[in-house]
Amino acid sequence: MDGNVYDELKERGFVAQVSDEGAVRRMLGGNAAAFYVGFDSTAASLHAGSLVPIMAMVHLRRAGHRAIAVVGGGTTMVGDPSGRTEMRRLLDEATIRAQGQAIHIQLARYLRFDGVGAIAVDNADWLLPLKYVEFLRDIGRHFSVNRMLAAEAYRLRLEKGLSFIEFNYQLLQAYDYLTLFRKYNCTLQMGGDDQWGNILAGVDLIRRVEGAAVEALTFPLLTTASGAKMGKTAQGAVWLDAGRFGPYEFYQYWVDCDDRDVGRFLRMFTLLPLDEVRRLESLRGSELNEAKRVLAFEATKITHGELEAERARQAAAAAFGKAVPVSGSAEAEAEAAGDVTALPTTAVPRSRLEAGIAPAGLFTEVGLTPSRKEAKRMIEQGGLYVNDERVDSTERLITLEDLGPDGGLLLKAGKKKVHRVVAG
RNA sequence: GGGCAGGUUCCAGAGUGGCCAAAUGGGACGGGCUGUAAACCCGUUGCGGAAACGCUUCGGAGGUUCGAAUCCUUCCCUGCCCA
C-alpha cells in the first residue's frame, strides 16, 4: 500500500475531527501503531452504522497497524448518554455478555483477530473488578465536573435529565484508553463524532497520569441525504447479522440509496480504488443505478461474502430485471436473466395452494405485509402483485395455477419488496 | 423528604365523562410521474371482518358511572423548584 493511510482515510471521508493531524499522520505513516475502537454491547448484532468504524479499522489494519476492538461489556453496564435524549434501559450482565460475544464474532469477520494484527478485548475484564473509592481517588480526581457539564454532549441532557450512572460513562471510557495505552501502547482512539468528548477525556487522562501524548480521531456521523440515520430504515436497523437481515435485503439497502449518497458510500463501504469510485459517481441519470449495483455488490461482499453477494445480485436481477430497460451489453443481458431462487423464499404446503389462499393472508404470512388489514389496504390501493400482475381483489385466491415452470410464484408488495413462494 | 408540572397511538403533540381508534404535524406505507433516485401530486396509516360490526389501546392496578384517555384511590416513572 503506497502513501499514508491517514490520507486515504481522509480522502474516503472517514475523518471528522482529529486531535493533532500532524501527529496522527506521522503515527499512521510509520509502522504498527496500536489503535482502538470501542463497540458497546447494546444489541446482539451490529448494524450498518458500525461499518464506518469497521471499515476504518480494516484500512488501518491493512496498512500494518494493530487494531484493538474493545467490546464494551463493562461500559454497557453503565450506558453512554452521548447523543441520547434519554437514559438507556439498563441491561443485565448476562444479556450484555451474550451480546458482546455475538458482536465479537461479527467483528472477527472483518478484522480476523489473530492476536497480532488485530485483537479483541472486553473492558468488563478491567472495569468490573474496579474498587469504587480507589477509582475515585486515582481517576476521578482528574475530572472536572465543571468542564464536563460545559460539554455540548451533556447540554441537552441537563435539560432532560441525566443520572449519575451515565455521568460516569466518560470516566470509564477514559480509563479504557488509559488501560489500553499501558497494556498495548495504544496511542490512537477512534469513534463516532459523538464520542469526541469521551475520547478527549481519555487523551487528557493519559497526559495527566502518564505524561504521554496520545491521539483522537472521530468519524462523521453519517446521515443519508434524506436525513435518516445511517443503517436505520423505517422497518428497523440494517443488521450485519445474516439471520436478522438477509444478504438480499442488505444488497437492496445499498441499491435503494439516494443518488446523492452513492459516492460517499462507495468511498466508505467498499475497498474499490478511489479512481474507480470517481468514475462511478460521475455517472449521470439512470446510469447511476450501475454505480448503486456496484456499491451494493461490494458492500455485501465485505459483510456476507462473495458467494452471497453474487446470489443477492442474481436475485435482484430476477426481481427487477424485467422492469429495467436492458442497456444492450452482453453482460447486462445475462444479468437481466437473474435467478429467482436466491430471493427470500417460503414453502407453502401444496394442499393449501390446491384449496386456494387468500392474498391478504399469504402476503402477511411471508412477511411482506405486517397484518391482513394492511394487506387489504394495499390491495385497495393497487400495491400487491402476484407474478407481476396486480391483485385487484381480496377474493382473488392464490392457487397452484399461479406456480410458474420453475415451481414458484412471485409476490410483490409495492414495487420493491419481493418474496418467492414454492409448493412444498 | 416537601411543593409543582407531567406520563396519549411510530415520534411530536391536541383531547379533560358519550359525537374518541382518538385532532394536527412529521415519519412511514401504497399509487401516479421516474431510473429499484430526488422532488412533486393523490391516497392510506390499531387488529379482525367482504360488510354490518366486534375486539384491544391513552404509564400499571383497582374503583365510580348506563358509559372513562377524560372523575376517584393507589402504585411506578419523568422534569422543575426547595432541602
Side-chain angles (χ1 to χ4, degrees), chain A residues 81 84-90 155-166 223-229 232-237 248-266 280-297 300 312-328 332 335-336 338 343 356 358-361 363-365 367-385 388-397 410-419:
Chain A
R84 301 212 124 225
T85 54
E86 50 191 60
M87 187 168 164
R88 289 171 189 276
R89 224 190 73 222
L90 286 176
R155 224 198 56 223
L156 187 66
R157 292 302 301 274
L158 285 176
E159 285 161 24
K160 286 239 167 187
L162 177 69
S163 76
F164 185 64
I165 182 171
E166 296 176 281
T223 51
T224 64
S226 50
K229 252 189 206 161
K232 302 273 189 192
T233 67
Q235 284 71 42
Y248 171 77
E249 284 82 1
F250 190 80
Y251 179 95
Q252 282 299 319
Y253 172 75
W254 300 103
V255 171
D256 283 338
C257 79
D258 194 298
D259 282 12
R260 293 167 287 180
D261 291 326
V262 176
R264 222 156 42 111
F265 287 1
L266 279 166
L280 287 168
E281 72 176 331
S282 70
L283 294 173
R284 284 291 163 260
S286 61
E287 291 189 329
L288 204 49
N289 284 338
E290 177 56 25
K292 291 182 183 180
R293 280 192 286 271
V294 173
L295 164 66
F297 180 78
T300 306
R313 178 162 70 176
Q314 290 292 323
F320 297 101
K322 279 160 267 178
V324 178
V326 175
S327 59
E335 190 171 284
L343 288 169
F363 274 85
T364 304
E365 198 177 318
L368 284 179
T369 47
S371 67
R372 289 158 163 272
K373 193 89 170 172
E374 179 67 17
K376 285 176 201 160
R377 208 173 281 134
M378 283 175 70
I379 290 172
E380 279 171 32
Q381 301 183 347
L384 296 190
Y385 308 80
D388 284 313
E389 244 176 72
R390 182 168 279 170
V391 177
D392 46 18
S393 154
T394 48
E395 320 268 290
R396 186 250 191 258
L397 297 182
L410 230 50
L411 303 181
K412 282 196 188 184
K415 297 274 162 43
K416 294 191 180 175
K417 278 174 290 179
V418 188
H419 201 96

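What you see below is based on every heavy atom in this structure, not just the backbone, and it leaves out hydrogens, waters and symmetry mates. Bear in mind that the values here come from a model prediction, so they are computed numbers and not experimental data.
Within the nucleic acid shown, A:R284 has no heavy atom closer than 4.0 Å to any nucleic acid atom. A:Y385 comes within 4.0 angstrom of sugar-phosphate atoms only, judged by non-hydrogen atoms across all strands, and of no base. Looking at heavy-atom distances under 4.0 Å, A:G285 makes contact with a base. As judged by a 4.0 angstrom heavy-atom cut-off over every strand, A:T394 is placed among residues making no nucleic acid contact. The residue A:L158 sits close only to the backbone: its heavy atoms come under 4.0 Å of sugar-phosphate atoms, none of a base.
Pair check for B:rU64 finds none; no Watson-Crick or G-U wobble contact set falls under 3.5 Å. Across the strands present, B:rC19 finds no partner; the criterion is a Watson-Crick or G-U wobble pair with both atom distances under 3.5 angstrom. Across all strands shown, nothing is found opposite B:rA69 as a Watson-Crick or G-U wobble partner with both distances under 3.5 Å. B:rC58 makes up no base pair with any nucleotide shown, lacking Watson-Crick or G-U wobble contacts both under 3.5 Å. With a cut-off of 3.5 Å on both pairing distances, the Watson-Crick or G-U wobble partner of B:rG6 is B:rC77. Judged by Watson-Crick or G-U wobble contacts below 3.5 Å, the nucleotide B:rU34 has no partner. When both pairing distances are held under 3.5 Å, B:rC29 makes a Watson-Crick or G-U pair with B:rG43. When Watson-Crick and G-U wobble pairs are counted only if both distances are under 3.5 Å, B:rA50 pairs with no nucleotide at all.
Atom NZ of A:K292 and atom C1' of B:rG35 are 8 Å apart (whole Å). Computed from coordinates, the A:E380 CD to B:rG31 C1' distance equals 13 Å when rounded to whole Å. Distance A:D256 CG to B:rA28 P: 13 Å, rounded to the nearest Å. What separates CZ of A:F320 from C1' of B:rU36 is a distance of 5 Å, to the nearest Å. Rounded to a whole Å, the NZ atom of A:K373 is 9 Å from the P atom of B:rU45. The separation between A:D258 atom CG and B:rU36 atom C1' is 13 Å, rounded to whole Å. Between the CG atom of A:L288 and the P atom of B:rU36 there is a distance of 12 Å, given to the nearest Å. In this structure, A:R372 atom CZ and B:rG49 atom C1' are separated by 10 Å, rounded to whole Å.
Between A:R293 and A:E290 there is a salt bridge, since a side-chain N of the basic residue sits under 4.0 Å from a carboxylate O of the acidic one. The residues A:E287 and A:R284 are annotated as not salt-bridged, no charged nitrogen and carboxylate oxygen being separated by less than 4.0 angstrom. Under the 4.0 Å criterion applied to side-chain N and carboxylate O atoms, A:D258 and A:R260 are assigned as salt-bridge partners. Salt-bridge annotation for A:D259 and A:K292: present, with a side-chain N of the basic residue lying under 4.0 Å from a carboxylate O of the acidic one.
For A:R390, the side-chain atoms get nearest to B:rG32 when compared with the rest of B:rG32, B:rA50, B:rU36. Out of B:rG35, B:rC47, B:rG30, the shortest distance to the side chain of A:K417 is found at B:rG30. When each of B:rU36, B:rG49, B:rG35 is scored by its nearest atom to the side-chain atoms of A:K416, the top-ranked nucleotide is B:rU36. The A:V255 side chain lies nearest to B:rU36 when the options are B:rG35, B:rC47, B:rU36. Taking only side-chain atoms of A:D259, from C-beta outward, the nucleotide of B:rG49, B:rG32, B:rA37 with the closest atom is B:rA37. If you check B:rU36, B:rC47, B:rG30 against the side chain of A:Q252, the one that comes closest is B:rU36. The side chain of A:Q381 approaches B:rG43 more closely than any other nucleotide in the set B:rG35, B:rA38, B:rG43.
Nucleotides B:rG62 and B:rU70 have their P atoms positioned 14 Å apart, rounded to a whole Å. Atom C1' of B:rC77 sits at a distance of 23 Å from the matching atom of B:rA68, rounded to the whole Å. Here the separation of B:rG13 from B:rA23, taken at their C1' atoms, is 10 Å to the nearest Å. Taking the P atoms as reference points, B:rC20 lies 24 Å from B:rA12, given to the whole Å. As rounded to the nearest Å, B:rA52 and B:rU45 have P atoms that lie 14 Å from one another. Nucleotides B:rA22 and B:rA5 have their C1' atoms positioned 24 Å apart, rounded to a whole Å. For the C1' atom pair drawn from B:rC47 and B:rU9, the interatomic distance equals 13 Å after rounding to whole Å. Going from the C1' atom of B:rA21 to that of B:rG46 covers 7 Å, rounded to whole Å.
Side chain of A:R396 to backbone of A:V391: no donor-acceptor contact under 3.5 angstrom is found.
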Original post:
Would A:E380 and A:R377 satisfy salt bridge (Lys or Arg N to Asp or Glu O under 4.0 Å), going step by step from the backbone distance to the final call?
Top reply: CA-CA 5 Å; A:E380 279 171 32; A:R377 208 173 281 134; over 6 Å; no

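None of A:T364, A:L384, A:T394 except one satisfies the side chain to side chain contact (heavy atoms under 4.5 Å, CB included) rule with A:K376; the exception is A:T394.
Both A:L384 and A:S371 sit near RNA chain B, but only A:L384 has its closest nucleotide nearer the 5' end. For the pair A:N289 and A:L162, nearest-nucleotide mapping onto RNA chain B gives the more 5' position to A:N289.
Checking the phosphate oxygens (OP1, OP2) of B:rA39, no side-chain nitrogen or oxygen of A:R260 falls inside 4.0 Å. At B:rU34, none of the side-chain N or O atoms of A:S286 fall inside 4.0 Å of OP1 or OP2 (strictly under the cut-off). The shortest distance between the side-chain N/O atoms of A:K415 and the OP1/OP2 oxygens of B:rG32 is below 4.0 Å.
Cation-pi geometry between A:K412 and A:F320 is satisfied (NZ or CZ under 6.0 Å from the ring centre, within 45° of the ring normal).
Of all the heavy atoms in A:Y385 and A:G414, the pair that sits closest is CE1-O, 3.5 Å.
Taking 3.5 Å as the limit, the base of B:rU45 and the side chain of A:E374 contain no donor-acceptor pair of atoms between them.
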